[in-house]
Q: 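If you scroll down you'll find the structure; I have some questions about it.
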Amino acid sequence: MTDQHNPYRLFLPQSIPSKHRVFAINQRRGSWDDLHAIATFETRWQAVRLADALNELLTGTELAPQFVDEALVTAPAPVRSQVNKIAEAITTSIYADQGRYLHALSRPSICGVMRFPIGPTGGVDQSADYNSDHPDYDLAFHSRPITPRTAEALRTEGAVLSDGIDELGDECLPPRLRGHGKPFRDKFIECVDALVDDLEHGEVPEPRCNAEEIALWMMLQFAQETMTEEGVMSPSINDLPPSDYDYQFNQLRDDLYEDHDFRDFFTDVGKTTMFAESVDGLFEPFPHPGPRQR
């Protein structure tokens, strides 16, 4: 970046029954902050997505340029032109005090979860039972969609789980994972955070070890419970497009796992199990799908 003045401080979505707009808060030299509309959309989620993408650009998020491009795919040409000029102004200049505005945002960005499809992507038979030796196994796995709302529900529960273990300790863990000390809990928190990070990047949360399998199962369980409790759902869910495939958690429990041996760790201590007699090896990585690329 250069020392060129960047007037943009924050981008906000605004909705009324007839239209959904994105407003920019910017400062003209020597004057008060100014609020003006930069784009209008037919749906709220389109406005929220663009506002979030531009705010990600202000914070310097690595994926922000891609988020902006993705938010503009269905936008009219005049909107794309104006927003591209704004994006260029942000990426070629600096504004030292913009964090004061951005830190006031309490709602998480939807840009990552909006990378998930609203429905089946096609390419394979959605009802077929593909095992790991099938040539279309990977394609089948990724074409069974996690929708944006499902992804946000899982992301929210993962963030809550991570904070809960950090603050409350063993009481947030399954029975057989308790009593192993803070270093163990910290490693488990890393597993939860890795799955949340997958979702925030718009990637399928594929477990890389048994501990991540357990963490993801807990996220699925808590998300399903939350969806049945009135008034508990994350407010950000309503900023995402609905789908007929939302919240198919039972199906995901099959689609996201090759087996359910890890469930023995949810049984009470003292009960004989086949796979959960020791926590040794819980964090050992699986040979497939391999380590994350970030």
Side-chain angles (χ1 to χ4, degrees), residues 110 112-162 174 188 191-228 233-234 236-237 240-267 274-276 282-294:
I110 70 169
V113 297
M114 275 304 303
R115 290 183 149 188
F116 287 96
I118 298 176
T121 57
V124 294
D125 180 0
Q126 298 293 317
S127 63
D129 184 15
Y130 293 94
N131 59 42
S132 58
D133 296 324
H134 193 285
D136 290 332
Y137 173 77
D138 287 331
L139 182 59
F141 184 94
H142 290 289
S143 65
R144 289 167 174 168
I146 295 177
T147 66
R149 288 194 173 195
T150 304
E152 177 60 18
L154 291 173
R155 188 208 65 77
T156 299
E157 295 303 330
V160 171
L161 175 61
S162 179
F188 192 83
C191 292
V192 178
D193 290 345
L195 295 166
V196 171
D197 195 50
D198 285 343
L199 292 161
E200 290 179 344
H201 281 73
E203 299 173 5
V204 174
E206 296 183 75
R208 261 64 173 185
C209 62
N210 288 128
E212 287 191 15
E213 286 187 320
I214 295 170
L216 180 59
W217 192 266
M218 295 174 72
M219 290 162 62
L220 287 162
Q221 176 182 336
F222 295 151
Q224 187 167 30
E225 291 173 355
T226 298
M227 291 303 105
T228 62
M233 186 186 305
S234 170
S236 57
I237 290 285
L240 296 163
S243 166
D244 291 339
Y245 297 87
D246 286 336
Y247 316 134
Q248 296 190 5
F249 298 115
N250 289 334
Q251 184 65 42
L252 289 175
R253 288 188 178 94
D254 291 330
D255 292 347
L256 297 176
Y257 293 93
E258 291 190 21
D259 61 62
H260 290 163
D261 295 343
F262 65 89
R263 292 184 63 186
D264 282 356
F265 286 96
F266 288 88
T267 60
M274 185 176 297
F275 300 102
L282 274 185
F283 302 102
E284 291 295 321
F286 297 145
H288 179 83
R292 291 175 174 82
Q293 300 302 309
R294 58 178 185 278

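Small disclaimer: the values here were computed from a predicted structure and weren't measured.
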Q: Between Phe266 and Pro174, what is the shortest heavy-atom contact and its length?
A: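 Closest heavy-atom pair between Phe266 and Pro174: CE2-CG, 3.6 Å.
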Q: Less than 4.0 Å between a side-chain N and a carboxylate O, is that true for Arg155 and Glu152?
A: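 Yes, Glu152 and Arg155 are salt-bridged.
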Q: Over all heavy atoms of both residues, which pair between Ala211 and Cys191 is shortest? Give the atoms and the distance, please.
A: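 For Ala211 versus Cys191, the nearest heavy atoms are CB-SG, 3.7 Å.
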Q: Does any part of the side chain of Met218, heavy atoms only, come nearer than 4.5 Å to the side chain of Leu195, both counted from C-beta?
A: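 No, too far: nothing below the 4.5 Å cut-off.
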Q: Report the relative orientation of the aromatic rings in Tyr257 and Phe262; use parallel for angles under 30°, tilted for 30 to 60°, perpendicular for over 60°.
A: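 Geometry flag for Phe262 against Tyr257: parallel rings.
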Q: Of all the heavy-atom pairs spanning Asp198 and Val204, show the shortest one and how long it is.
A: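 Reported closest heavy-atom pair: OD2-O, 4.0 Å.
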Q: How far does CD of Glu212 sit from CZ of Phe188, to the nearest 0.5 angstrom?
A: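 Result: 9.5 Å between the selected atoms.
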Q: Do you see a donor-acceptor pair shorter than 3.5 Å between the side chains of Glu213 and Asn210?
A: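 Note: Glu213 and Asn210 side chains meet the donor-acceptor criterion.
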Q: If you look at every heavy atom in Phe116 and Glu203, which pair is closest and at what distance?
A: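 Between these two residues, the closest heavy atoms are CZ-O, 3.2 Å.
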Q: Pick one: which of His260, Gln221, Gln248, Gln224 meets side-chain hydrogen bond (donor to acceptor under 3.5 Å, both in side chains) with Arg253?
A: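 Testing each of His260, Gln221, Gln248, Gln224 against Arg253, the sole residue satisfying side-chain hydrogen bond (donor to acceptor under 3.5 Å, both in side chains) is Gln224.
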Q: Quick check: do Pro285 and Arg208 have side-chain heavy atoms less than 4.5 Å from each other?
A: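 No. Closest side-chain heavy atoms not under 4.5 Å.
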Q: Please report the C-alpha distance between Leu220 and Leu216 in whole Å, then the side-chain angles of each, then the deciding distance to 0.1 Å, and finally whether the side chain to side chain contact (heavy atoms under 4.5 Å, CB included) criterion is met.
A: CA-CA 6 Å; Leu220 287 162; Leu216 180 59; 4.2 Å; yes
Q: Of all heavy-atom pairs between Val192 and Ala215, which one has the smallest distance, and what is that distance?
A: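 Of all heavy-atom pairs spanning Val192 and Ala215, the closest is CG2-CB, 3.7 Å.
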Q: Is any side-chain heavy atom of Ile237 less than 4.5 Å from a side-chain heavy atom of Tyr247?
A: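 Yes, side chains in contact.
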Q: Measure the spacing between CG of Leu154 and CG of Leu161 and express it to the nearest 0.5 Å.
A: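 Going from CG on Leu154 over to CG on Leu161, the span is 11.5 Å.
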Q: Might you confirm whether atom CG of Asp259 has over 12 heavy atoms from other residues, nucleotides or ligands at distances under 6.0 Å?
A: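 Atom CG in Asp259 is packed in, count exceeds 12.
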Q: Go through it in stages, so that I can follow the logic: the residues are Thr226 and Thr156, the test is side chain to side chain contact (heavy atoms under 4.5 Å, CB included), and I'd like the CA-CA distance, side-chain angles, deciding distance and then a yes or no.
A: CA-CA 10 Å; Thr226 298; Thr156 299; over 6 Å; no
Q: Can a donor-acceptor pair be found, under 3.5 Å and without considering hydrogens, that links the side chain of Arg149 to the backbone of Leu240?
A: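 Here the side-chain-to-backbone pair exists.
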Q: Working to the nearest 0.5 angstrom, can you tell me the gap between Thr150 OG1 and Gln251 CD?
A: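 One finds 12.0 Å between OG1 of Thr150 and CD of Gln251.
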Q: Over all heavy atoms of both residues, which pair between Ser243 and Thr147 is shortest? Give the atoms and the distance, please.
A: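 Shortest heavy-atom separation between Ser243 and Thr147 comes out as OG-CG2, 3.7 Å.
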Q: For residues Leu282 and Ile214, determine if any side-chain heavy atom of one lies less than 4.5 Å from a side-chain heavy atom of the other.
A: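 Of all side-chain heavy-atom pairs linking Ile214 with Leu282, at least one is under 4.5 Å.
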Q: Output the distance between atom CZ (Phe249) and atom CG (Leu256), rounded to the nearest 0.5 Å.
A: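 Result: 11.0 Å between the selected atoms.
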